[in-house]
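Note sheet for the following structure.
A quick note: this is a predicted structure, and the numbers were derived from the prediction, not measured. Just so it is clear: chains get the letters A, B, ... in the order the sequence lines come, proteins before strands, and each one is counted from 1.
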Amino acid sequence: MLTHQSTRRDFIKTSGALIVGFSLAGPMSAARGQTAGAGGKPVALDEVDSFLAIVPDGTVNVYTGKVDLGTGTRTALRQIAAEELDVPFERINLVEGDTALTPDQGPTWGSLTIQVGGVQIRQAAATARKALVELASKRLGAPASDLEVKYGVVRAKADPTRSASYSELIGDQEFHLKVDKSARVKDPASYTIVGKPVPRVDIPAKVTGEWTYMQDVRVPGMLHGRVVRPPALGAQLSSVDESSVSGIKGLVKVVRIGNFLAVVAETEWAAIKAAEGLKATWSPWEGLPDMDQLYQVVRQTPVAKDEVTVNVGDAKSALASAAKTVSATYEFAIHTHGSIGPSCAIADVRDGKLTVWSASQAPHWLRRDLATMLGISPSAIHVIYRDGAGCYGRNGHEDAAADAALLSREVGRPVRVQWMRHDEHGWDPKGPPTLAELRGGLDASGNVIAWQSEFWIPKVGAITEGVPMLAATLGGLPYKDNINPGNIFQNSAPPYAFPNAHAVCHRLETTPFRPSWIRTPGRLQNTYVNEAFLDELAAAAGADPVEFRLRHLKDLRGIEVLQAAVRRAKWDTRPSPKKSAASSPVATGRGVTYCKYENVRTYVAAVAEVEVERRSGVIRVKRVVVAHDCGQIINPDGVRAQIEGNVVQTVSRTLKEELKWNRSRVTSVDWVTYPILTFPEVPEIDIELINRPNDPPWGAGEPTAAIVPSAISNAVFDAIGVRLRTVPYTPERVKAAIRAQA
Amino acid sequence: MITLVVNDKSQTLDVDPDTPLLYVLRDTLALHGPKFGCGLAQCGACTVLLDGNAIRSCTTPVSRAVGKKVTTLEGLGSSHKPHPLQKAFIEEQAVQCGYCINGMIMTAKALLDRKPNPSEREIKQTLAGNLCRCGTHPRIVRAVRRAAALMAKGA
Ligand code: FES
Ligand code: FES
């Protein structure tokens, strides 16, 4: 029950006056020192007060550790809270990713913001609503069953004039309640906010220059830092010639800590010039593998352990007894995140405390990792999230924050570190390469009786530990040694009911570049491999690719989503390749793919239509039709935007993207050497959403990416009868594949 | 000292003349519209109008803007009084992270000023040098078309 001691707290006195101060005022002296608990704000995951505060003016503050990375969850989470509390949407203030104010709901990853973060908020709101109705019941002298809530006011159903608003009921107090897992949530049939395409709250400011992105935050007294990375990944710094930059006006300091080298200046331009002009001597280092030996190197890397992700029947003997067998090797390149805005952070080290503004997807992890590096307590660190450019996984934001923290500690003033484009492309952690081998067996009637797959992918040290930060590794400072490419084993098991199936992931000790997760990590590569190989089996069986899938698919929701995509695309039922495949100079084809995300949640299927120019090897993806079932939809327009983004980004990754390097360093360090998809190349996208209001809401930020590469591979095979197995499908690779077949 | 006319306001600034215009706009004038994306004239995030032409402010020395009119995203309109392009981007919800959107709107502005009713193909060609990593492209194209329609109606 609610307690009645007065606990007036600054942070809810008004509708987020303090919050506004945080976001706009810049220096935020109020914010300094507000580490977890210091201001009295609960942040534990099981407390209602961690998530919600009713403000006397009738607004509601909602606190979330999840951050909006450009996906629109800032709006969707408000919808969930407003719906469950029965307050108008506009009255919700959302505070995101502030380690002093928000609960640690885990990093914003894995398409879990709605599925986990939103559901936690919903349950806290349901608990709060129940408590408020009980309070009203006492005050109004009416049983709770005779009361209803409208617009944040509890009133008697029979006599709406007998009422009390939330703020009257709770006053300036906290709930002091544990989140009640059994508090009844609203019947989705009564929803008026959830399920509606509520326009995003941040768009008007973002199209007018009024929004403050991380890159826009300025703090009084702030200096500008730029890092100078080694010319080779493992090079040692032997000497620095500071006189090479002494003439630059505004240069404050050249900072050297081990191999960590940086400059700090009064202006951004001075910092850039100093970073470019600084002469330093580094030891030579050529420890990277030859680029064209990548997959041999992957195959020869020592295996830390083997993980079997499916083992039914006896795949080995079934394969031996199959009427027909097929085998293939698939490869998927190393990718960079490629945010349009390079990583950026501001740090202010002062009086043993550290305040950091960062666009990190994991402010709470960042706090922990900074504490390790600096040897101070996490409670002395306050991390405040600000939007960066789109973030698709652990990119360079954490590294930039660590850079800024070291520099601020050195110069005793707040320092803003903005990575340059070459820092971002060259030094963000990479999506590691995938190598896979598959063998499949068909019986005499063309059914799959054996499936055997092997994946060579890096191991995960600790999934709940971050990626080591460059400032710590270069600077020789403490860090938790960890390798974390994300849950990249997922979707290695095919989502079909094969009688004999075996999949094993060889988890490798190392991988050439510092790995991390990039949108749909592993699920993308593994689904690609499985769904393209399944298409090879369908072709070997002479079966239509859709019919072949349906033959082996036993999941009803899966069948529904696949059929929805096929119907919408007006699928041309016949085996691949197309009869005319060998003739025309520009061939067209269609390919299908299905995925159950991580084999446990969001269902998605797609049909891609492509055009292939035989002579040039150019593939054009003309249209992608997607059917998508993520259970209960919170905001259909938001889901659509995510599907569109996944399609475009993954067409780009599939056709164009590939990290390049020499023996010393990454050489794809800008948009010319690492090209991505441009407007004229973007396909038409056609979407069918399957909404299931009575089911739990699942994620939509990643699943669609999983189905794109194989849909393209399958469509290309349909068009020209040539199977592409190595991503990206650059014109050179396409031509080589055509030649190899001829 | 350098005198610049930005969004119809003349200002005299103490900046190094070889400083790229982008940093003067962002750091000295505290504008948030133009963004740093690459500093290499490759992505378009930093686009502003110089005498009505869409240029990449990251590689344009501030000295080259002297005597010309600089217009940034803020100079088009505000959330209270949006320009038709801004209105169209809101109506189409043509933003994911929004970091590239400054460049999209400013490049489209120069296009629509020159060619009030471009075809979809022309829009895509004009925006071909503006990169978006979030995959907002379909909505951006729709927003530019909508803006053209709004402007034709005099909205
Ligand atoms: S920042 Fe100027 S074009 Fe990329
Ligand atoms: S909306 Fe994020 S880069 Fe375009």
Check the pair A/H425 / A/W671 against ring pair (Phe, Tyr, Trp, His ring centres under 6.0 Å), numbers first and verdict last. CA-CA 9 Å; A/H425 266 71; A/W671 296 117; 4.6 Å; yes

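Contacts between B/T136 and chain A at a heavy-atom distance below 4.5 Å are absent for every atom of the residue. Proximity to chain B (any heavy atom under 4.5 Å) is restricted, for A/I272, to the side chain, taken from C-beta onward. Only the side chain of A/Q418 comes within contact range of chain B, with at least one heavy atom under 4.5 Å from a heavy atom of that chain. B/L76 does not touch chain A: none of its heavy atoms, backbone or side chain, sits under 4.5 Å away. There is no contact between A/K249 and chain B, counting heavy-atom distances below 4.5 Å. Contact of B/I105 with chain A is made through the side chain alone, with heavy-atom distances under 4.5 Å. In this structure, no portion of A/D387 lies under 4.5 Å from any heavy atom of chain B. Looking at A/T650, there are no atoms closer than 4.5 Å to chain B (heavy atoms on both sides), in backbone or side chain. Contacts of B/D16 with chain A are made by side-chain atoms alone, with heavy-atom separations under 4.5 Å and no backbone atom involved. Contact of A/R74 with chain B is not made at all, since no heavy-atom distance falls under 4.5 Å. Looking at A/I685, the atoms closer than 4.5 Å to chain B (heavy atoms on both sides) all sit in the side chain, from C-beta outward. With a 4.5 angstrom heavy-atom cutoff, A/H422 does not touch chain B via any of its atoms. The contact between B/L127 and chain A is made by backbone and side chain atoms together, counting heavy-atom distances below 4.5 Å.
Counting heavy atoms from C-beta on, the side chains of A/P703 and A/S111 come closer than 4.5 Å. When side chains are defined from C-beta on, B/C58 does not count as touching B/P20, because their heavy atoms never get closer than 4.5 Å.
Here B/S78 contributes atom OG and B/Q86 contributes atom CD; the two are 7.5 Å apart, rounded to the nearest 0.5 Å. For the atom pair A/E268 CD and A/M222 CE, the distance stands at 7.5 Å (nearest 0.5 Å).
Most heavy-atom pairs under 4.5 Å with chain A, from the set B/L85, B/V15, B/L131, B/I140: that is B/L131. The choice from A/G390, A/A389, A/P683 that makes the most heavy-atom pairs within less than 4.5 Å of chain B is A/A389. Chosen from B/C134, B/C132, B/G33, B/G98, the residue pairing most often with chain A at heavy-atom distances under 4.5 Å is B/C134. The candidate with the highest count of non-hydrogen atom pairs below 4.5 Å against chain B, out of A/S339, A/S652, A/G645, is A/G645. Most heavy-atom pairs under 4.5 Å with chain B: of the set A/H337, A/K206, A/Q649, A/R200, this distinction falls to A/R200. Put simply, of B/G39, B/C100, B/G75, B/C97, the one with the most heavy-atom pairs under 4.5 Å next to chain A is B/C97. Per-residue counts of heavy-atom pairs under 4.5 Å with chain B were compared for A/T71, A/D637, A/D202, A/T678; the largest is that of A/D637. Interface summary for chain A: among B/I90, B/L31, B/T28, B/D27, the most heavy-atom pairs under 4.5 angstrom belong to B/D27.
The environment of NZ in A/K656 is crowded: more than 12 heavy-atom neighbours from other residues, nucleotides or ligands sit within 6.0 Å.
Distance alone, capped at 3.5 Å, places no donor-acceptor pair between the A/E657 side chain and the A/T654 backbone. Side chain of A/D423 to backbone of A/M420: a donor-acceptor contact under 3.5 angstrom is found. Between the A/E644 side chain and the B/G135 main chain, no donor and acceptor come within less than 3.5 Å of each other.
Residues A/F679 and B/H137 bring their aromatic ring centres within 6.0 Å.
A perpendicular orientation is assigned to the rings of A/Y674 and A/H335, their planes being inclined by more than 60° (bins at 30° and 60°).
Each of B/K68, B/K69, B/R64 was checked for a side-chain contact (heavy atoms from CB on, under 4.5 Å) with B/L50, and the lone residue meeting it is B/K68.
The closest side-chain donor-acceptor pair between A/D428 and A/T336 falls under 3.5 angstrom.
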